[in-house]
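Just below is one structure, and these are the notes that go with it.
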Amino acid sequence: MMSTLLLLSALASLFMGEAKGQSLQAGKCPDPPVQENFDLNKYLGRWYEIEKIPTTFESGRCIQANYTLKENGNIQVINQEIRDDGSLNQIEGEATVPDASEPAKLGVKFSWLMPISPYWVLDTDYENYSVVYSCVSFIQLFHFEYAWILARTPSLPPETVSNLKASLTSYDIAADKMTVTDQANCPNSPQ
Ligand SMILES: *[C@@H]1O[C@H](CO)[C@@H](O)[C@H](O)[C@H]1NC(C)=O
Ligand SMILES: *[C@@H]1O[C@H](CO)[C@@H](O)[C@H](O)[C@H]1NC(C)=O
């Protein structure tokens, strides 16, 4: 049993590009409520990353995303960050709404060989903040989860952030693992 678990965990690590297992949790994914009456059009545009459960594929600073509607009705996702060496790293993906009856449960894909990852908007007021959750479970035994607090501006009032994290915690999401994204002295911050 243990070796099976280790093998699954190794496969899962490969699958998710996750080597450190920081986001590996026991049990199946929690099923938090998502934003009611989610309005994709109001959600489009630029979002700054304020905090996240760390991923190995985003380690830089000044991380932001820009969502635009494509002609095919899907959403173009452009994520950018400043790497440690100062260079700009930009990655483009596409988001879709797999089930129109659950518009806040998006899926995002950054390359054809990657599986679609969940992108659930748990809570947003469209103008200030957004809370995004992504979780994949493996045969109900364990799950990888990521969460992001995004904002329309490079910072949010600390009490807003702590309220959003408290609600994540109440859904059994590991908000205590979140780290702050450095948004200071970014080249393209609004003045
Ligand atoms: C977002 O991307 C679109 C399409 O590439 C671009 O026209 C727009 O200027 C970008 N917006 C921001 C805020 O970067
Ligand atoms: C966004 O935050 C501002 C400042 O706190 C507030 O006045 C505004 O009502 C908020 N927007 C929404 C949609 O709640």
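Computation of the quantities below employed the complete heavy-atom set of this structure, encompassing side-chain atoms and omitting hydrogens, waters and symmetry-equivalent molecules. Both ligands and their constituent atoms are indexed starting at 1 by order of listing.
With a 4.0 Å cut-off on non-hydrogen atoms, Asn128 touches ligand 2 through its side chain and not its backbone.
Residues meeting the ring-ring contact (aromatic ring centres under 6.0 Å, His included) test with Tyr129, sequence neighbours left out: none.
Annotation: salt bridge (Lys or Arg N to Asp or Glu O under 4.0 Å) contacts involving residues 86-106, sequence neighbours excluded, comprise Lys70-Glu94, Glu102-Lys105. Every pair tested for salt bridge (Lys or Arg N to Asp or Glu O under 4.0 Å) that includes a residue from residues 115-136 fails, sequence neighbours excluded, so the list is empty.
Counting all heavy atoms, side chain and backbone alike, Tyr133 lies closest to Tyr146 at CD1-O, 3.3 Å.
Listed for the Gln25 side chain is no donor-acceptor partner under 3.5 Å among the backbone atoms of Phe142.
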Ligand 1 N/O to protein N/O, distances under 3.5 Å:
unit_1: ligand 1; atom_1: 2 (O); unit_2: Asn66; atom_2: ND2; d: 2.3
unit_1: ligand 1; atom_1: 11 (N); unit_2: Asn66; atom_2: ND2; d: 2.9
unit_1: ligand 1; atom_1: 14 (O); unit_2: Asn66; atom_2: ND2; d: 3.3

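Relative ring orientation between Tyr43 and Tyr67 is described as parallel, the plane-to-plane angle staying below 30° on a 0-90° scale split at 30° and 60°.
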